[in-house]
Colleague: 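One structure, as structure tokens, below. Some questions next.
From a predicted model like this one, the values you see are computed outputs, not experimental measurements. Lettering of chains follows the sequences in order, A, B, ..., and the numbering in each one begins at 1.
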Amino acid sequence: MAIELSEQEIIRREALQQLRQMGINPYPNEGYPITHYAKEILDNFNEDTEFFNDVYIAGRIMSRRIMGGASFIEIQDSTGRIQVYIKQDDICPPNDNSFYQIVFKKLLDIGDIVGIHGFVFRTKMGEITIHAKELKLLAKCLRPLPIVKEKDGKTYHAFTDPEQRYRNRTLDLIVNPHVKDIFRIRTKMVQSMRDFLNQKNFMEVETPILQPIYGGAAARPFKTYHNTLDTSLFLRIADELYLKRLIAGGLDAVYEFAKDFRNEGMDRFHNPEFTQMELYVAYKDYYWMMDTVEEMLEHICMSIHGKADITVGENIISFARPFERISLFDAIKKFTGFDISNMDESELIEIAKKLDIDIDGITGKGKIIDTIFGEKVEPHLIQPTFIMDYPIEMSPLAKKHRSKPGLVERFELIVNGKELCNAYSELNDPIDQRNRLEEQLRLRQLGDEEAMILDEEFLSAIELGMPPTAGLGIGIDRLAMIMTNANSIQEVIFFPQMAPERKAIAMESESLKSIGVPDIWIPLLTESGIVTPNDLLDTNANKILNNLGGLRKKHKISEPLPSKEDVENWIAKAKELSQK
RNA sequence: GGCAAUGUAGCUCAGUAGGCAGAGCACAUCCCUUUUAAGGAUGGGGUCCCGGGUUCGAGCCCCGGCAUUGUCACCA
């Protein structure tokens, strides 16, 4: 059973048939010999040169202004839009204007993809335009497009509903060309990061996404199942433990662009699957890593924007080196006035109360400190700032600080009020590591769902000896948000996770047939909200008859209504079906 | 999960004492050989999110749902 088509879709399908009847293939097999793109023509056209006397260009029709014997259309290709002038006599053979009058004027629509062969000129209005000598349909578009129009920087009829845009990213990319730019910047960002790392001879590697034990971060995982092995597997929440095993194996510097998966809340900073770049380098410590991060981010910003500063929301953020470095306790002192460096848990709770921070349900020194930081400090750190030296409780994989007891050598980089990087001097003392993971196990037994799991294979690698190592994780999506001035993570992910669409769809109406509903009534039942036999269970025959009656009138169907017995039969069969 | 806003034509949105459901674009028909967000004219298109209630009468008021968005909470 076909989904009901809108009037506009029906018109386009009829046009498709008519094109075929006229011997025009709406979906030709052969390619189109493109020689130019819209942007290069617009940027470089000049009446004095002969560069653009013979151009082939292809793209989507985005607007049409049709007159008797000549028309203007706008073509959008991957680089932008350009106007095309179509003159009847130029695209038709002598004495037969049907290609212009019928094919072009009646059978082509906004959204169709066409190839244009012609020459470039400038109209009286000054618009750089391609004068078409040939127009070829390359692909017919069967759905109407929301048409976005712009004039003088003002946008009319924009396709802006975030839900529609993310659910139908294809359409979003077609009608909102600036969306492409966001993703071009993202790609360029990743490329320049990769170039930077490769130039230093770091080795790009791949490690498992399906892991028997998940680790390397504190988060709830997605769980799946392997049939042949008859075992549970998890989608990775981080690749840290595997990369460190490679370091122990003698690969001195490894990195991975990793899709990680965390089964947690979603908001404008969190998507269930997200991308992280993790980097581990042997014989280095976290000071070295801070230098490297500074150098890398400056390099990336320069290669994308040609300068080290960038506007994000209301702020201008500068990635010019060096970044500010401050310890966690100093930062809290700076922003709250309290020195909490030597406090125990009950004193910290007092401070939290004084600062009017809600710590209900939060226990443990580490988490309280983190909450105070998150509330009172983090949002104020707009310029890139390294926060150093975290309490040991929060960091089971980081090395104890060389001089500050109770702390570890860890830093986070905060940019625009949000964590961007997390890095340590990696813990390589196997005994210490085992103790810390056992402590995590204990927390887990006390109900901390995010405490880490003890991974024997990882520990055995550390026991073989891992050199002193600096490790880094950097959130690629969040960096992309900053680099593109995006307000939400969904803007920088092509296909962000969405709640399933709840609308009932007529696809399943086949099943109504199986309980004896004649074809003619199925669309009407669907329209009244009855899509599957199950929907019939909680209703009664009279109500259905009423609905059908109303819709029958609306759709002017001459077929007599089914009898009440018929409807009762459907319901009876639906009940049978549901009991199977 | 809390709070708030929103839900009307394919798209963007108007719509108030509660009194025939609207505009622009898109679409269709006709006229026009250089238009500029859209040349001109005419026309088709609606479950006003769903279900109850108040009322002679509900897109609008009340109650209950659903969905979406934003925000907070949760999430190193």
Side-chain angles (χ1 to χ4, degrees), chain A residues 5-12 14-15 63-74 83-90 100 105-106 109-111 121-127 129 131 143-167 171 175 217-220 237-238 262-270 272 328 358 360-362 366-367 369-371 373-374 378 387 390-391 393-398 410 412 414 418-419 421-422 449-450 452 473 475 487-488 490 498-504 524 527-529 547 550-551 554:
Chain A
L5 296 175
S6 70
E7 184 197 9
Q8 295 190 30
E9 286 172 301
I10 291 167
I11 290 167
R12 284 177 184 237
E14 285 168 359
S63 76
R64 304 196 302 159
R65 295 183 286 279
I66 293 182
M67 288 157 291
S71 306
F72 288 86
I73 62 177
E74 274 180 303
Q83 177 169 271
V84 177
Y85 175 61
I86 310 242
K87 195 170 163 187
Q88 173 172 287
D89 302 343
D90 287 343
Y100 180 81
K105 276 170 69 168
K106 304 228 190 302
D109 292 291
I110 287 177
F121 74 111
R122 198 185 289 269
T123 65
K124 284 178 196 163
M125 300 299 294
E127 178 95 5
T129 302
H131 187 131
R143 290 168 176 256
L145 248 42
I147 296 302
V148 182
K149 288 176 176 153
E150 276 183 46
K151 173 152 186 176
D152 304 330
K154 266 182 85 177
T155 304
Y156 299 78
H157 311 122
F159 175 62
T160 54
D161 177 25
E163 194 209 350
Q164 294 304 321
R165 288 185 47 228
Y166 302 145
R167 278 195 201 285
L171 192 55
V175 303
R220 295 202 298 273
I237 57 174
R262 296 187 183 175
N263 206 340
E264 296 182 334
M266 293 161 57
D267 59 33
R268 70 192 188 90
F269 289 105
H270 297 86
L328 177 66
D358 180 16
D360 279 357
I362 297 172
K367 290 201 171 179
I369 292 171
D370 190 51
T371 304
F373 177 78
E378 199 176 41
I387 301 295
Y390 284 69
E393 297 86 348
M394 303 164 65
S395 317
L397 300 169
R410 167 181 179 179
E412 290 192 355
I414 313 294
K418 208 74 192 170
E419 173 194 349
C421 301
N422 186 16
E449 273 189 87
E450 293 183 345
M452 287 185 198
N487 189 39
S488 122
Q490 296 170 308
M498 303 290 286
E501 201 161 13
R502 307 239 177 239
K503 254 185 182 170
L524 274 61
E527 193 173 338
S528 68
N547 285 342
L551 292 167
K554 177 182 162 198

Colleague: Write down the distance separating the C1' atoms in B/G24 and B/A14, rounded off to the nearest Å.
Modeller: 10 Å
Colleague: A cation-pi test, strictly: NZ or CZ of A/K418 under 6.0 Å from the centre of the six-membered ring of A/F269 and no more than 45 degrees from its axis. Yes or no?
Modeller: yes
Colleague: Rounded to whole angstrom, note down the P distance from B/A26 over to B/U36.
Modeller: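 Rounded to whole Å, the distance is 14 Å.
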Colleague: If pairing requires Watson-Crick or G-U wobble contacts with both distances under 3.5 Å, which nucleotide is the partner of B/G1?
Modeller: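 Base partner found: B/C72.
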Colleague: Who is the Watson-Crick or G-U wobble partner of B/U55, with both distances under 3.5 Å?
Modeller: none
Colleague: Send over the distance from A/I110 CD1 to B/C25 C1', rounded to a whole Å.
Modeller: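 Taking atom C1' of B/C25 as the reference, CD1 of A/I110 is at 9 Å.
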Colleague: Salt bridge or not between A/E412 and A/R410? Use side-chain N to carboxylate O under 4.0 Å.
Modeller: yes
Colleague: Looking only at atom C1', what distance separates B/C49 and B/C60, rounded to whole Å?
Modeller: 15 Å
Colleague: Give the rounded distance in Å between these two atoms: CD of A/E9 and P of B/A9.
Modeller: 16 Å
Colleague: In whole angstrom, give me the gap between the C1' atoms of B/U6 and B/C48.
Modeller: 14 Å
Colleague: Compare the minimum distances between each of B/U68, B/A28, B/U33 and the side chain of A/A70, then state the nucleotide with the smallest one.
Modeller: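 That would be B/U33.
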Colleague: Nearest nucleotide by nearest heavy atom, which residue falls closer to the 5' end of RNA chain B, A/K106 or A/F72?
Modeller: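 The 5'-side residue here is A/K106.
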Colleague: When the nearest nucleotide of RNA chain B is assigned to A/F159 and to A/T129 on a heavy-atom basis, which residue is associated with the more 5' position?
Modeller: A/F159
Colleague: Evaluate the side-chain contact (heavy atoms from CB on, under 4.5 Å) criterion for residues A/F121 and A/T129: first the C-alpha distance (whole Å), next the side-chain angles of each, then the deciding distance (0.1 Å), finally the verdict.
Modeller: CA-CA 5 Å; A/F121 74 111; A/T129 302; 3.7 Å; yes
Colleague: Can you see which heavy atom on A/A219 is nearest to which on A/R262, and at what distance?
Modeller: CB-CD, 3.5 Å
Colleague: Walk me through it: do A/I66 and A/F72 pass the test side-chain contact (heavy atoms from CB on, under 4.5 Å)?
Modeller: CA-CA 6 Å; A/I66 293 182; A/F72 288 86; over 6 Å; no
Colleague: Sugar-phosphate means primed atoms, P, OP1 and OP2; the rest is base. With that split, encode nucleotides 71-76 of chain B 5' to 3' as B, S or - using protein heavy atoms under 4.0 Å.
Modeller: S-SBBB
Colleague: Do you know which two heavy atoms are closest between A/G68 and A/Y100, and how far apart they sit?
Modeller: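 A/G68 and A/Y100 have their closest heavy atoms at O-CE2, 3.1 Å.
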Colleague: More than 12 non-hydrogen atoms from neighbouring residues, nucleotides or ligands closer than 6.0 Å to CZ on A/R143, yes or no?
Modeller: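 No, CZ of A/R143 has 12 or fewer neighbouring heavy atoms, counting only those of other groups under 6.0 Å.
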Colleague: Could you tell me whether A/L145 contacts a base, only the sugar-phosphate backbone, or nothing, with contacts defined as non-hydrogen atoms closer than 4.0 Å?
Modeller: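 It contacts nothing in the nucleic acid.
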Colleague: Using Watson-Crick or G-U wobble geometry with both distances below 3.5 Å, tell me the partner of B/A9, or none.
Modeller: none
Colleague: Rounding to an integer number of Å, can you tell me how far A/R143 CZ sits from B/G10 C1'?
Modeller: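 Taking atom C1' of B/G10 as the reference, CZ of A/R143 is at 11 Å.
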Colleague: Which nucleotide, in any strand shown, forms a Watson-Crick or G-U wobble pair with B/G18, with both distances under 3.5 Å?
Modeller: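 By the stated definition (distances under 3.5 Å), nothing pairs with B/G18.
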Colleague: Given A/S71 and A/Y85, is the side chain to side chain donor-acceptor pair (under 3.5 Å) satisfied, shown in steps?
Modeller: CA-CA 6 Å; A/S71 306; A/Y85 175 61; over 6 Å; no
Colleague: If we take the C1' atom in both B/A17 and B/C61, what is their distance in whole Å?
Modeller: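 Going atom to atom, C1' in each nucleotide, I get 12 Å.
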Colleague: If you check every side-chain atom of A/E127, which of B/U35, B/A26, B/C11 has the closest atom?
Modeller: B/U35
Colleague: Whole angstrom is fine here: how far is it from CD1 in A/I66 over to P in B/U29?
Modeller: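 My rounded result for the distance is 11 Å.
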Colleague: Is it the case that the base of B/U35 and the side chain of A/Q83 share a donor-acceptor contact (distance under 3.5 Å, atom types as modelled)?
Modeller: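 Yes.
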Colleague: With a cut-off of less than 4.0 Å, is there a side-chain N or O of A/K105 near OP1 or OP2 of B/C32?
Modeller: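 So the side chain of A/K105 is outside the cut-off, no N or O lying under 4.0 Å from OP1 or OP2 of B/C32.
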Colleague: B/U35 C1' sits how many Å from A/M125 CE, rounded?
Modeller: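 The distance from CE of A/M125 to C1' of B/U35 comes to 8 Å, rounded to the nearest Å.
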Colleague: Using the rule given for side-chain contact (heavy atoms from CB on, under 4.5 Å), can you reason through A/Q490 versus A/E163, listing the C-alpha separation, both sets of side-chain angles and the distance that settles it, and then say yes or no?
Modeller: CA-CA 10 Å; A/Q490 296 170 308; A/E163 194 209 350; over 6 Å; no
Colleague: For residues A/L328 and A/P391, report the shortest heavy-atom separation together with the two atoms involved.
Modeller: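 Nearest heavy atoms, A/L328 then A/P391: CD2-CD, 3.6 Å.
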Colleague: In terms of side-chain heavy atoms of A/F121, which of B/U35, B/U69, B/U34 is nearest?
Modeller: B/U34
Colleague: I'd like the P distance from B/C30 over to B/C13, given in whole Å.
Modeller: 33 Å
Colleague: Taking B/A73 as the reference, what is the distance to B/U8 when you measure between their P atoms (whole Å, please)?
Modeller: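 Nearest-Å result for B/U8 against B/A73 at atom P: 31 Å.
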Colleague: Taking only the P atom of each, what is the distance from B/A21 to B/G45 in whole angstrom?
Modeller: 14 Å
Colleague: Within the distance-only criterion (no hydrogens, no angle test), does the side chain of A/E264 pair as donor or acceptor with the backbone N or O of A/R220 below 3.5 angstrom?
Modeller: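 It does hold such a pair.
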Colleague: List every contact pair, protein side and nucleotides 43-45 of chain B side both N or O, where the distance is under 3.5 Å.
Modeller:
from	atom 1	to	atom 2	distance (Å)
B/G44	N2	A/E7	OE1	3.1

Colleague: Strictly under 3.5 Å: I want the nitrogen or oxygen pairs between protein and nucleotides 1-7 of chain B, one per line.
Modeller:
none

Colleague: Contact class for A/Y100 (heavy atom, under 4.0 Å): base, sugar-phosphate, or nothing?
Modeller: nothing
Colleague: Taking CZ from A/R65 and P from B/C27, how many angstroms apart are they, rounded to a whole number?
Modeller: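 From A/R65 CZ to B/C27 P: 13 Å.
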Colleague: Can you tell me the Watson-Crick or wobble partner of B/U33, both distances under 3.5 angstrom?
Modeller: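 Pair assignment: B/U33 / none.
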Colleague: Do the side chains of A/R12 and A/E7 get nearer than 4.5 Å, heavy atoms only?
Modeller: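 Result no, sub-4.5 Å side-chain heavy-atom pair not found.
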Colleague: Before giving the answer on side-chain contact (heavy atoms from CB on, under 4.5 Å), spell out for A/I387 and A/F373 the whole-Å C-alpha distance, their side-chain angles and the decisive distance to 0.1 Å.
Modeller: CA-CA 10 Å; A/I387 301 295; A/F373 177 78; 3.6 Å; yes
Colleague: Rounded off to whole Å, could you give me the CD-to-C1' distance for the A/Q88 and B/C32 pair?
Modeller: 12 Å
Colleague: Hey, what do you get for CG (A/L145) to CZ (A/F159), rounding to the nearest 0.5 Å?
Modeller: 9.5 Å
Colleague: What's the closest nucleotide to the A/Y85 side chain, out of B/U34, B/C27, B/U68?
Modeller: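 Comparing B/U34, B/C27, B/U68 against the side chain of A/Y85, the answer is B/U34.
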Colleague: Atom CG of A/L171 to atom P of B/G10: distance rounded to whole Å?
Modeller: 15 Å
Colleague: Kindly give the heavy-atom pair with the smallest separation between A/S63 and A/I110, and that separation in Å.
Modeller: CA-CD1, 4.1 Å
Colleague: Got a donor-acceptor pair under 3.5 Å from the side chain of A/S71 to the base of B/U35?
Modeller: no
